[in-house]
**Q** 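Take a look at this one; I'll ask things after.
These numbers come from a predicted model, not from an experiment. Reckoned from all heavy atoms, side chains included, excluding hydrogens, waters and symmetry mates. Note that ligands are numbered from 1 as they come in the structure, with each ligand's atoms numbered from 1 the same way.
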Amino acid sequence: MTLVAGVDSSTQSCKVVVRDAETGEVVRTGRATHPAGTEVPPAAWWDALLAAIADAGGLDDVAAISIGGQQHGMVVLDADGRVIRDALLWNDTRSAQAARELIAEFGAAELARRTGSVPVASFTATKLRWLRDAEPENAARVAAVALPHDWLSWRLRGYGPADESPLGPDLEALATDRSDASGTSYWSPATGDYDRELLIASLGHDAVLPRVAGPAESIGATVALPGIPAGLVVGAGAGDNAAAALGLGAQAGDVVVSIGTSGTVFAVTDTATADETGTVAGFADASGVYLPLVATLNAARVLDKIASLLGVDHDGLGQLALAAEPGSGGLVLQPYFEGERTPNLPDATATLFGLTLAATTRENLARAAIEGMLCGLADGLDAVRRLGVTASRILLVGGAAANPAVSQIAAEVFDAPVEVPEPGEYVAFGATVQAAWALTGARPSWSVATLARPDAAPVPLIREQYAARAAVAS
Ligand SMILES: Nc1ncnc2c1ncn2[C@@H]1O[C@H](COP(=O)(O)OP(=O)(O)O)[C@@H](O)[C@H]1O
Ligand SMILES: O=C(CO)[C@@H](O)[C@H](O)COP(=O)(O)O
């Protein structure tokens with residue numbers, strides 16, 4: 001049996017899945033946690049990757065590996081291949097002013113035309129602009145800029161600082177893929193080229209950027225390192241949402257809604273998009289086409305927070321929520337606990353509306369948390385549809401999709417049929433598809449079973465009352 005491994009180096013954890021390259025059967029899995037916070041030393045991701053690989057039984061019998069990862073994170077390297085400072089993650093909002101400045105200098109329409117997206121604080125270019133202005137000594141030392149999955153793939157192939165890696169600091173050996181490059185704001189999904197003017201405007205000078213590999217490419221092989229055997233084919237890797245689309249085998253008519261640390265709504269399309277309003281990011285996908293995407297900052301952790309406030313676990317939160325009526329007795333949670341990205345309100349905080357003596361129950365609060373979190377994603381679905389995407393069905397994935405209350409309430413909130421695929425790490429699954437593709441030259445088509453099709457009917461009241469509160473709040 002030939003085995004392939006896929007990795008999801010995501011915000012909260014690193015997950016490894018090992019599958020049979022022929023049938024797609026999951027043979028074993030492993031995971032390790034990442035540090036909390038929006039600023040993280042990349043070495044912590046490397047340590048978590050090694051721990052997750054060990055937890056998955058190692059790679060001795062594995063022929064190929066590929067890494068999917070959280071998008072946008074700024075990994076800056078000096079000429080010796082050392083990380084200059086902790087990485088700023090996609091959910092770090094300190095570069096909101098830098099995003100506003102880049103938009104003022106180039107224009108939203110021009111940035112959308114050149115990169116597919118109008119940047120917000122999540123995008124790598126805005127983080128480089130922040131670095132240029134807030135830490136000029138660090139910015140001056142930047143010799144190369146990578147993303148989390150690029151950097152991990154480089155280390156896996158034996159590159160890094162001379163005292164830590166057998167092949168040393170060859171910055172030109174950095175490689176990325178189309179999907180992750182499209183989240184930088186200095187690469188064009190439409191032309192496939194870097195936009196050096198935008199990089200220089202952000203960082204203040206030019207730097208080495210990772211080569212953008214094609215979907216089926218191998219970017220090299222692993223070298224022997226503690227916990228890593230030599231000779232595994234390394235696939236191009238991908239941004240986590242593009243990897244999930246690949247793992248699900250998403251096709252025209254499928255809209256994926258992922259509820260992890262981020263909430264995302266995306267579809268695979270044949271044509272590139274350029275939304276001048278900035279609501280929909282015009283990303284590239286991991287199969288050679290495009291991935292229009294809306295992302296929110298407040299998703300599964302909204303539920304984590306309200307569950308902990310109510311003193312229950314995830315199941316308990318779901319049970320409470322399902323004991324309340326749709327509309328939560330008029331309670332509306334606008335869940336901007338971490339600021340928000342869509343809509344672009346980096347400094348916002350969360351608000352609970354509609355508190356009356358009668359409505360203020362544990363059940364209503366639990367339901368309002370799920371409804372509020374999903375209403376932001378339903379707004380995202382509307383925005384993706386406005387660009388011509390058809391939603392014949394919603395595929396609900398990510399950590400919180402496992403919660404039956406979330407899938408049932410999703411069916412009440414989204415005006416399209418909701419399907420929950422069988423539980424699985426779809427980002428890591430997509431990375432195994434890439435690994436097998438790079439190994440064999442043929443894209444595998446492994447089937448995905450459906451766990452549930454919640455039959456709840458849409459309840460328009462939920463979105464109506466959310467929209468009414470949002471209108472008053474803004
Ligand atoms: N049954 C559940 N109900 C609600 N939330 C859940 C459930 N299981 C896991 N989660 C939450 O999902 C999140 C992890 O999801 P995941 O997609 O792995 O996130 P990420 O990829 O961003 O690290 C955590 O915040 C976790 O608490
Ligand atoms: O910023 C985005 C997409 O543009 C996020 O989707 C990140 O890619 C983080 O993903 P998770 O860790 O929540 O899966």
Side-chain angles (χ1 to χ4, degrees), residues 7-15 29 31-36 38 40 45 48 52 68-74 88-93 116-117 119-124 126-127 147-149 179-180 182-185 238-245 247 256-266 280-284 291-308 312-321 337-338 341-342 366 369-370 373-374 377 380 396-410 420 423-428 430:
V7 177
D8 176 9
S9 177
S10 71
T11 313
Q12 296 191 56
S13 61
C14 183
K15 306 140 201 178
T29 64
R31 66 186 297 142
T33 56
H34 283 161
T38 62
V40 170
W45 302 329
Q70 56 175 314
Q71 296 187 252
H72 312 296
M74 180 191 76
L88 300 186
L89 306 194
W90 63 278
N91 53 355
D92 187 292
T93 55
S117 308
V120 290
S122 294
F123 286 67
T124 324
T126 74
K127 298 177 189 303
L147 298 166
H149 109 253
S179 66
D180 236 2
S182 65
T184 58
S185 268
D240 52 4
N241 296 291
V256 182
V257 173
S258 170
I259 308 175
T261 315
S262 63
T264 52
V265 181
F266 54 93
V280 182
F283 291 155
L291 195 86
L293 177 146
V294 173
T296 64
L297 292 186
N298 297 284
R301 285 203 286 214
V302 173
L303 310 189
D304 296 348
K305 174 51 74 179
I306 299 299
S308 109
V312 292
D313 60 12
H314 289 132
D315 288 346
L317 183 84
Q319 284 154 15
L320 283 170
F337 290 91
E338 299 195 90
R341 164 168 163 183
T342 319
I370 299 175
M373 186 260 303
L374 289 171
L377 295 172
L396 203 61
V397 297
N403 194 311
V406 172
S407 53
Q408 177 175 322
I409 297 171
V420 186
E425 296 294 344
Y426 284 93
V427 176

**Q** For the side chain of K127 and the backbone of L89, is there at least one donor-acceptor N/O pair under 3.5 Å apart?
**A**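 Answer holds: yes.
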**Q** Between D304 and ligand 1, which part of the residue brings a heavy atom under 4.0 Å of the ligand: side chain, backbone, both or neither?
**A**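 Side chain only; the backbone of D304 stays clear of ligand 1.
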**Q** Distance-only, no hydrogens or angles: does the H34 side chain make a donor-acceptor pair with backbone N or O of S10 under 3.5 Å?
**A**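 Indeed, once roles are kept as given, a pair shorter than 3.5 Å links the two residues.
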**Q** Looking only at protein heavy atoms, which one is nearest to atom 3 (N) of ligand 1, and what is the separation?
**A**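 Looking at atom 3 (N) of ligand 1, the protein heavy atom closest to it is N403 ND2, 3.1 Å.
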**Q** Measure the spacing between OG1 of T342 and CG of L293 and express it to the nearest 0.5 Å.
**A**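 One gets 8.5 Å once the value is rounded to the nearest 0.5 Å.
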**Q** So is there a nitrogen or oxygen of T261 less than 3.5 Å from a nitrogen or oxygen in ligand 1?
**A**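 There is such a contact, yes.
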**Q** Give the residue, atom name and distance (to 0.1 Å) of the protein heavy atom nearest atom 23 (O) of ligand 1.
**A**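 I find the closest protein heavy atom is S10 OG, 2.7 Å.
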**Q** For residues D180 and L147, report the shortest heavy-atom separation together with the two atoms involved.
**A**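 Where D180 meets L147 most closely, the heavy atoms are O-CD1, 3.2 Å.
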**Q** Considering only heavy atoms, which of G398, G399, G318 lies nearest to atom 8 (N) of ligand 1?
**A**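 Ranked by closest heavy atom to atom 8 (N) of ligand 1, first place is G399.
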**Q** Among all protein heavy atoms, pick out the one at the shortest distance from atom 13 (C) of ligand 1; state its residue, atom name and that distance to 0.1 Å.
**A**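 For this ligand atom, the closest protein heavy atom is A300 CB, 3.6 Å.
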**Q** If you count the atoms of ligand 1 from 1 in the order shown, which ones are under 4.0 Å from a heavy atom of K15?
**A**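 Answer, ordered by atom number: 16 (P), 18 (O), 20 (P), 21 (O), 23 (O).
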**Q** To check your reading of the model: name the closest protein heavy atom to atom 4 (C) of ligand 1, its residue, and the distance in Å.
**A**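 Here the closest protein heavy atom is H314 CD2, 3.3 Å.
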**Q** So if I apply the side chain to side chain contact (heavy atoms under 4.5 Å, CB included) rule between M373 and each of N298, L303, T296, which one comes out positive?
**A**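 Going through N298, L303, T296 one by one, the side chain to side chain contact (heavy atoms under 4.5 Å, CB included) with M373 is satisfied by L303 alone.
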**Q** Can you find a heavy atom in the side chain of W45 that is under 4.5 Å from one in the side chain of H149?
**A**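 With C-beta onward as the side chain, the pair stays apart.
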**Q** Using the side-chain contact (heavy atoms from CB on, under 4.5 Å) rule, take F283 and S117 through it: C-alpha gap first, then chi angles, then the decisive distance, then the call.
**A** CA-CA 8 Å; F283 291 155; S117 308; 4.0 Å; yes
**Q** For the 3.5 Å polar cut-off, considering only N or O atoms, please tell me whether R301 and ligand 1 meet it.
**A**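 No; the residue has no nitrogen or oxygen that sits under 3.5 Å from a nitrogen or oxygen of the ligand.
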**Q** Tell me whether H34 reaches ligand 1 (any heavy atom closer than 4.0 angstrom to a ligand atom).
**A**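 Under 4.0 Å: no for H34.
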**Q** What residues sit with at least one heavy atom under 4.0 Å from ligand 2?
**A**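 Those residues closer than 4.0 Å to ligand 2 by some heavy atom are S10, T11, Q70, Q71, H72, W90, D240, N241, T261, S262, T264, F283, L293, R341.
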**Q** Which pair of non-hydrogen atoms, one from I370 and one from A405, has the smallest distance, and what is that distance?
**A**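 Smallest heavy-atom distance, with atoms named: CD1-CB, 4.0 Å.
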**Q** Say whether, by atom type as modelled, one donor and one acceptor occur between the side chain of S262 and the main chain of L297 under 3.5 angstrom.
**A**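 Pair absent, no side-chain N/O of S262 close to backbone of L297.
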**Q** S258: what forms a side-chain hydrogen bond (donor to acceptor under 3.5 Å, both in side chains) with it, not counting sequence neighbours?
**A**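 Not a single residue meets the side-chain hydrogen bond (donor to acceptor under 3.5 Å, both in side chains) criterion with S258.
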**Q** Applying a 4.0 Å heavy-atom criterion (strictly less than), which segment of Q70 is in contact with ligand 1: side chain, backbone, both, or neither?
**A**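 The answer is neither; Q70 stays 4.0 Å or more away.
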**Q** Does any N or O in the side chain of T38 come within less than 3.5 Å of the main-chain N or O of D92, such that one atom is a donor and the other an acceptor?
**A**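 No, T38 side chain to D92 backbone: no donor-acceptor pair under 3.5 Å.
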**Q** Looking only at distances, please establish whether an N/O atom of ligand 1 is found under 3.5 Å from an N/O atom of S262.
**A**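 For ligand 1, there is no N or O atom that lies under 3.5 Å from one belonging to S262.
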**Q** Check whether T184 reaches the backbone of T124 with its side chain - one donor and one acceptor, N or O, closer than 3.5 Å.
**A**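 Between the backbone of T124 and the side chain of T184 there is no qualifying donor-acceptor contact (under 3.5 Å).
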**Q** Considering heavy atoms of the protein only, find what lies nearest to atom 24 (C) of ligand 1 and give residue, atom and distance to 0.1 Å.
**A**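 Closest protein heavy atom to atom 24 (C) of ligand 1: Q12 NE2, 3.5 Å.
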